Amino acid sequence: MESALINSNCHSYQLQLLNLFILMYADDTVLFTEDANDLQNMLDCLQTYSDKWNLTVNINKTKIVVFRKSKRLTPTEHWTFQGKDIDVVHTFCYLGLVFNYNGRFTVAHNTLASQGRKAYYLLKSRIKNYMLNAETKLSLFDTYVSCILNYCCEVWGHHPAPKIEAVHLLFLKGLLNVKKTVNSSMVYFETGRYSLHVQRKIMIMKYWLKLLKTNNCILKSCYVALLELNIKKPNCKLNWVYEIKDDLCRHGFNYVWIAQNVNNEKHFLELYTQRLHDIFIQDLHSSFNNSSKCQIYKYLANYFELQYYLTKSLNSKTKQILSKYRMQAHSLHIESGRYNAVPRGERICTVCNNNDIEDEMHFILLCPAYVELRMRFLKKYYYKHPSVFKLIELFSYKNIKTLRNLGKYSVHATDQRNNLMNL
């Protein structure tokens, strides 16, 4: 087929020392050219070749994509095969990745997010009857869902892709059994998870290092061509090489880009990964300080890891209630009043006469309606002379019995509160 196209004088695309006009993988064939008339010539040649060797081309699966900024076609942009018109489409899925006519990957992000969401719900239905711990669930997500969400990310992974990250957060919030409106920064910190964007950047950097060591292949020729384009047009942001350069320079590795080489690849990747992780964690702490919903949690955020209570053999209801009160995902008036536009000073506890704001401190250590439960489940140290410091200490305590009792207190007190409010 390649020889037939060459003999028909098809115009090729010059890429460094390579002349390209066809890509073949399994039973998929891609023809490409920069001239509309030449594309018809290629199709005619393909028809002749197919007839000669009794091959069949599936016209229904054959599509044409014109890559340009505008969707509009000119009157001459019309192609046929065996006398039948070939559909001109705006997007096409090639080897699992959707390519859009404008060269952007927004449609690809949406498609991967949709596929990843389906995989997540399938995984969720399969494991719902198993008593799996948090570490196992996280591992299963990385194995069966993340690989779909990050598919081919070496090509498009510089983009944050918020719809893809939304699937990741959906899983994490489901793991914690908290509502979807919970501050995402708290969810990342509570589970000790970095965003998928951070993971993709590391994968891209590994791919770039591999590409630097590769010689005499189409990919290396593409890289060199983009590198030369970046030198000629340094402000061309729609460029994979520009993104690599920008990422290295912003993280303090400009010398690596200039050298186009790394002496100790393992050491460099460790430094690069650590820097990405440190910046991500710093951004989380900054988010805590700037959010009114993280007034308690910013004091709990000491160690970026899967939090202690999530790793221990506590029942699911205890873990759920602890997650809700740690991250302000509860129904106390301090939180519910926020959505009802009630001024903070008017979010008063309705089950006692103290006229105090019903926040976590009041509910767990102060409210007289729960004195008996408090004496039954909590140590006297915490409620005798209550303070915010003691509340934070209680939430952070690494003792299974104390956390289990705190969970029992929260469950019983919540039930009692609901009963009192329904009277």
Side-chain angles (χ1 to χ4, degrees), residues 120-121 123-143 145 167-194 284 288 293-332 334-336 359-361 363-365 370 373-374 376-379 382 390-418:
Y120 161 66
Y121 283 122
L123 176 64
K124 184 179 178 180
S125 66
R126 293 289 178 86
I127 67 175
K128 66 180 180 180
N129 296 324
Y130 296 93
M131 300 298 292
L132 303 178
N133 58 33
E135 294 98 326
T136 302
K137 290 181 179 180
L138 289 168
S139 178
L140 287 171
F141 180 86
D142 289 336
T143 303
V145 183
V167 180
H168 185 211
L169 286 169
L170 177 66
F171 163 73
L172 295 180
K173 292 177 182 180
L175 179 69
L176 297 171
N177 283 301
V178 296
K179 54 190 178 183
K180 297 178 182 180
T181 55
V182 171
N183 187 298
S184 298
S185 297
M186 291 192 287
V187 174
Y188 286 126
F189 211 100
E190 196 77 354
T191 55
R193 296 278 293 190
Y194 299 98
L284 293 184
F288 298 152
K293 297 186 69 173
C294 304
Q295 295 303 309
I296 294 293
Y297 194 84
K298 64 182 179 182
Y299 298 107
L300 299 175
N302 294 322
Y303 302 100
F304 185 78
E305 61 186 5
L306 185 63
Q307 297 302 306
Y308 179 83
Y309 74 97
L310 294 171
T311 65
K312 300 304 176 183
S313 56
L314 300 170
N315 65 59
S316 58
K317 192 168 185 179
T318 298
K319 291 181 180 180
Q320 179 180 350
I321 202 76
L322 288 175
S323 295
K324 286 185 175 182
Y325 282 102
R326 282 171 62 92
M327 293 186 287
Q328 290 187 266
H330 45 64
S331 59
L332 299 181
I334 187 65
E335 186 64 18
S336 62
D359 56 10
E360 298 83 5
M361 175 71 181
F363 177 74
I364 295 175
L365 300 180
Y370 317 117
L373 290 175
R374 205 170 285 124
R376 178 180 170 188
F377 292 111
L378 302 183
K379 292 182 180 179
Y382 294 107
K390 288 185 178 180
L391 178 66
I392 294 168
E393 184 182 2
L394 181 60
F395 275 131
S396 306
Y397 205 72
K398 292 188 176 181
N399 179 277
I400 296 237
K401 184 177 179 180
T402 300
L403 291 175
R404 185 177 288 118
N405 285 334
L406 175 59
K408 289 179 179 179
Y409 168 83
S410 300
V411 170
H412 285 82
T414 300
D415 291 340
Q416 183 175 326
R417 175 182 180 271
N418 293 337

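Bear in mind the structure is a predicted one, so any value in this text is a computation, not a measurement.
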Using modelled atom types and a 3.5 Å cut-off, is there a donor and acceptor pairing between side-chain atoms of [X] and backbone atoms of [Y]?
X    : Y    : result
K319 : K312 : yes
Y297 : E190 : yes
Q307 : E305 : yes

Rounded to the nearest 0.5 Å, how far does [atom2] of [Y] lie from [atom1] of [X]?
X    : Y    : atom1 : atom2 : value
E135 : T191 : CD    : OG1   : 11.5 Å
L394 : E360 : CG    : CD    : 12.5 Å
K180 : L169 : NZ    : CG    : 11.5 Å
T136 : I127 : OG1   : CD1   : 9.0 Å
L403 : Y309 : CG    : OH    : 9.5 Å
K390 : K379 : NZ    : NZ    : 12.5 Å

Evaluate the side-chain proximity of [Y] to [X]: yes if any heavy-atom separation is below 4.5 Å, no if none is.
X    : Y    : answer
I321 : L406 : no
L172 : L138 : yes
L310 : L176 : yes
L332 : Y325 : yes
M327 : N183 : no
L170 : Y120 : yes
K124 : F171 : no

Are a donor atom and an acceptor atom from the side chains of [X] and [Y] found within less than 3.5 Å of each other?
X    : Y    : result
N315 : T318 : yes
Y382 : E393 : no
Y299 : S396 : no
T414 : Y409 : no
S139 : D142 : no

Smallest separation among heavy atoms of [X] and [Y], with atom names:
X    : Y    : result
S323 : V178 : CB-CG1, 4.1 Å
T402 : N399 : N-OD1, 3.0 Å
S331 : S336 : O-OG, 3.8 Å
F363 : S410 : CZ-O, 4.3 Å
Q328 : C294 : OE1-N, 3.7 Å
V187 : V182 : CG2-CG1, 3.9 Å

Step through it carefully: locate the ring centre of Y188, locate the ring centre of Y194, and say whether they are under 6.0 Å apart. no
Ring centres under 6.0 Å, that's the criterion: do Y370 and H412 meet it? no
Using 4.0 Å as the upper bound for N to carboxylate O, is an ion pair formed by K293 and E335?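 Counted as a salt bridge, because a side-chain N and a carboxylate O are separated by less than 4.0 Å.
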Other residues, nucleotides, ligands: >12 heavy atoms within 6.0 Å of K317 NZ: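 No, NZ of K317 has 12 or fewer neighbouring heavy atoms, counting only those of other groups under 6.0 Å.
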Report, as yes or no, whether the 6.0 Å neighbourhood of atom NZ on K298 holds more than 12 heavy atoms from other residues, nucleotides or ligands. yes
In sequence, state the C-alpha distance, the side-chain angles, and the governing distance for H168 and R193, and then conclude on side-chain contact (heavy atoms from CB on, under 4.5 Å). CA-CA 10 Å; H168 185 211; R193 296 278 293 190; 3.2 Å; yes
Step-by-step side-chain contact (heavy atoms from CB on, under 4.5 Å) determination, L378 to I364: CA-CA 9 Å; L378 302 183; I364 295 175; 4.2 Å; yes
For a side-chain contact (heavy atoms from CB on, under 4.5 Å) check, start with the C-alpha distance between S184 and K173, then their side-chain angles and the critical distance, and finish with the verdict. CA-CA 9 Å; S184 298; K173 292 177 182 180; 3.7 Å; yes
Going through the distances and angles, do Y308 and I400 end up as a side-chain contact (heavy atoms from CB on, under 4.5 Å)? CA-CA 9 Å; Y308 179 83; I400 296 237; 3.9 Å; yes
